[in-house]
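In this chain, residues are counted from 1 in sequence order. Treat the numbers as computed from the prediction; the structure is a model and nothing was measured.
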Amino acid sequence: MIKHKAIMIGAGLANMASAVYLIQEGHWNGDAITLYGIDDHGSNDGSAASEQAADYWNAEHPLDNSTGYIARGGRMLNYRTYVDLMDLLSRVDSATEPGMTAAEDTRDFDAKHRTFDKARLMRRGDGILQAGKLGLNNLDRALLTKLVMMPDKDETLLDNVSIAEYFKDDPHMFTTNFWYMWETTFAFRTQSSAQELRRYMHMMLYEFTQIEHLVGVNRTRYNQFESIMLPLINYLKAQGVTFALGKIVTDWTFADSPMQDEITVTGLTIQDAHTGDVEQVAVDDDTAVIFTNGSITDSATLGDYDTPAPENMDYGLSAALWKKAAARFYNLGNPDKFFADRAASEWVSFTLTTKDHVLLNEITRITTQVPGNALNSFLSTAPITDLGKPDVNMSIVVHHQPHFTTQKPNEAVIWGYFLYPRRTGEFVNKPYIEMTGKEMLQELIGQLSMVDPGPINIREHTAAIMDSVINCIPCYMPYASALFNNRAKTDRPEVIPAHSTNLAFTGEFVEQPYQMIFTEQSAVRSGEIAAYHFAGIPMSHLVKTPRYDKDLPTLLRATKKMFE
């Protein structure tokens, strides 16, 4: 049903993409679009820590984290699959590079700083592993091949099947270099959805031949806010789009109709996050409501150098609103599958800022590579999995410096994360989730010391490294991996649900054909679909999605790699 105005709930990437397509392809006026959100970045954040003080997600815990930089997560791009994202970025100007679009900016930077990770996996006593040897046996290969070759029509056979259940007769899989790299590159867990793993195998199949070096990874010039979100914000504001920030949509009003399954939004209840004031906003017949129905950074909290990030037990703002709609209509999914089991989804990350390059130089020496696009994962030798086998303790990303435009020349920013935050550190005897920023840095130094091949160990530089710290900010994210939680296809709503007259869903918790979630690609694609629907543009005009599982040369190369 064609509309001419839009209210967007959530001011993240998916809805900003939808706004751009409505303006450029639907020929809407920007002032017909209003975005309501807590902030203007969603999960694509990144800024000086001092700028986060007023953000809702940190307001309840005003700790001493006002120095240094903070990015709750990081984004790896891939031109071959992120086709909708690159189309979107080609439509807006770079925020930092005059005369370039945001897409040209990213391609220019990436061409000059190509990814080639020489230290993808490191293990105590063994140093850098030869991760090109995937370590698969015949049963591993057979089950992976079955997953890749499964037809789309049979995907529901994997409804509510976890990765652990799919490989239940093959515990060896979870001890292979292949699994360690896939687990930490894409943030899968053994309890994650096998259905989602299948989609990744389809869309990222070519990564079989290069995952040990991450040569398929592309990166933006700066952090994801300055390189992805800020160009979109600048464009949309120039077009007259309204950003109503610090606003929480807390409830719906739906029309009563003879058809009880017809979905028509007639009003919204909106609360100011800072004052608590509540207003009612009417939704008329000419207005679309485009809703990002879940966020992986909902309920996130920050700690500081001397304080762990506290646990926020909130269900999640956007998911709570989704739950109210799903309780009324049968085809809007099941948010509890994603937001009621934080044991399957929680992470702890940290952003470390230093005033000199002592630590950066040591990491360069140990990993034999300069800062850039590496993802280094540290394997334990202690049995820490349910199978009694070693697993990955932590992973770090050492960005090309500067990672923020306001960094001083000798400052460095490093990001890391613990995929299993309830596990106990090997060098700090407490669960990662209970660690301060200082203790996370101590754990990192300990992990590096165990793979250090040099005659002078990094531990000899501990005092200098600790003295160099501006800040190390822990971040607890209870829903960071929620989008991978074990589920059925019907647990996520479609972008345009059946019987909806004016409501669309966008983001990482919607069901889209072929798309793999946890990517800027799927977020942009959902916003594009919503925009085309309400602007009356045929879906045949959508950016064409590649299917590498249908490409014979890619299949042959992947098959060969599985036997190395």
Side-chain angles (χ1 to χ4, degrees), residues 3 5-47 55 73 75 77 82-96 101-103 105-106 220 222-247 249 288-298 318 495 504-510 512 515 517-535 537 542-543:
K3 306 292 183 182
K5 296 181 292 183
I7 291 174
M8 298 189 177
I9 306 172
L13 178 61
N15 281 355
M16 287 195 199
S18 193
V20 171
Y21 285 111
L22 284 170
I23 293 167
Q24 295 193 3
E25 298 298 323
H27 307 295
W28 284 26
N29 292 325
D31 60 10
I33 301 170
T34 299
L35 292 105
Y36 288 96
I38 288 295
D39 51 49
D40 59 0
H41 50 66
S43 300
N44 281 280
D45 63 346
S47 70
D55 269 13
R75 300 293 176 267
L77 310 184
Y82 290 26
V83 290
D84 294 79
L85 173 69
M86 298 312 294
D87 176 77
L88 175 67
L89 295 183
S90 72
R91 297 168 177 266
V92 296
D93 291 335
S94 167
T96 62
T101 67
D105 173 13
T106 295
T220 54
Y222 298 107
N223 60 86
Q224 59 257 1
F225 178 78
E226 293 185 276
S227 290
I228 295 177
M229 302 306 292
L230 192 55
L232 296 171
I233 294 167
N234 292 343
Y235 171 80
L236 292 174
K237 286 184 175 179
Q239 294 295 314
V241 172
T242 298
F243 284 77
L245 302 181
K247 304 291 186 179
V249 180
V289 177
I290 301 176
F291 172 40
T292 300
N293 60 307
S295 172
I296 60 175
T297 48
D298 267 357
S318 50
V495 178
F505 291 78
T506 62
E508 300 300 288
F509 295 90
V510 298
Q512 302 181 71
Q515 297 298 317
I517 42 76
F518 212 173
T519 65
E520 277 78 356
Q521 163 64 20
S522 63
V524 172
R525 182 76 169 192
S526 65
E528 185 183 2
I529 292 171
Y532 281 28
H533 175 79
F534 289 123
I537 302 169
L542 292 169
V543 176

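- Looking at N29, its side chain never comes within 3.5 Å of a backbone N or O of A32 through a donor-acceptor pair.
- Residues satisfying the side chain to side chain donor-acceptor pair (under 3.5 Å) criterion with Q512, sequence neighbours excluded, are absent altogether.
- Y235 pairs by the side chain to side chain donor-acceptor pair (under 3.5 Å) definition with Q24, not counting sequence neighbours.
- With sequence neighbours excluded, the residues satisfying ring-ring contact (aromatic ring centres under 6.0 Å, His included) with F291 are W252, F505.
- Residues I233 and M16 come closest through the heavy atom pair CG1-CE, 3.6 Å.
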**Request:** Check the pair L88 / E528 against side chain to side chain contact (heavy atoms under 4.5 Å, CB included), numbers first and verdict last.
**Result:** CA-CA 9 Å; L88 175 67; E528 185 183 2; over 6 Å; no

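- Looking at heavy atoms from C-beta onward, I33 lies in side-chain contact with I23 at the 4.5 angstrom threshold.
- Looking at residues two or more places apart in sequence or on another chain, you find no salt bridge (Lys or Arg N to Asp or Glu O under 4.0 Å) involving D298.
- Not counting sequence neighbours, the partners of T242 by the side chain to side chain contact (heavy atoms under 4.5 Å, CB included) test are T34.
- The heavy-atom pair separating A102 from S227 by the smallest distance is CB-O, 4.2 Å.
- For L245, the side chain to side chain contact (heavy atoms under 4.5 Å, CB included) test picks out A11, D40, F243, with sequence neighbours left out.
- Note: F509 CZ to S318 OG = 7.5 Å, rounded to the nearest 0.5 Å.
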**Message:** One pair to check against side-chain hydrogen bond (donor to acceptor under 3.5 Å, both in side chains): S43 and T297. What are the steps and the verdict?
**Reply:** CA-CA 6 Å; S43 300; T297 48; 2.9 Å; yes

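- For the pair Q224 (side chain) and D45 (backbone), a donor-acceptor distance under 3.5 Å is present.
- Contact check for L232 versus L13: side-chain heavy atoms found under the 4.5 Å cut-off.
- E25 is linked by a side chain to side chain donor-acceptor pair (under 3.5 Å) to R91, counting only residues two or more places apart in sequence or in another chain.
- Applying the side chain to side chain contact (heavy atoms under 4.5 Å, CB included) criterion to V83, with sequence neighbours excluded, gives Q521, V543, P546.
- Smallest separation of non-hydrogen atoms from F225 and G46: CB-O, 3.5 Å.
- Within the 4.5 Å cutoff, the side chain of L542 has heavy atoms near those of the R525 side chain.
- Not counting sequence neighbours, the partners of E520 by the salt bridge (Lys or Arg N to Asp or Glu O under 4.0 Å) test are R75.
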**Request:** Kindly determine whether D87 and Y21 satisfy side-chain hydrogen bond (donor to acceptor under 3.5 Å, both in side chains), including the steps that lead there.
**Result:** CA-CA 10 Å; D87 176 77; Y21 285 111; 2.6 Å; yes

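- Here the closest heavy-atom approach between residue S90 and residue A103 is recorded as N-CB, 3.5 Å.
- One N or O on the side chain of D39 and one on the backbone of H41 form a donor-acceptor pair closer than 3.5 Å.
- Evaluation of the side chain to side chain donor-acceptor pair (under 3.5 Å) rule for N293 yields no partner, not counting sequence neighbours.
- Partners of T506 by side chain to side chain contact (heavy atoms under 4.5 Å, CB included), not counting sequence neighbours, listed by chain and number: A14, N15, I290, T292, S526, A530.
- For the salt bridge (Lys or Arg N to Asp or Glu O under 4.0 Å) test, no residue two or more places apart in sequence or in another chain qualifies with K3.
- Between the OG atom of S18 and the CG atom of L35 there is a distance of 9.0 Å, given to the nearest 0.5 Å.
- Between M86 atom CE and L77 atom CG the span is 7.0 Å, to the nearest 0.5 Å.
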**Request:** Give the intermediate values and the outcome of side chain to side chain contact (heavy atoms under 4.5 Å, CB included) for residues V241 and W28.
**Result:** CA-CA 11 Å; V241 172; W28 284 26; over 6 Å; no

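- For the side-chain contact (heavy atoms from CB on, under 4.5 Å) test with I529, the passing option among V495, V524, D84, V510 is V495; the others fail.
- Looking at V92 and N234, their side chains never come closer than 4.5 Å, going by heavy atoms from C-beta outward.
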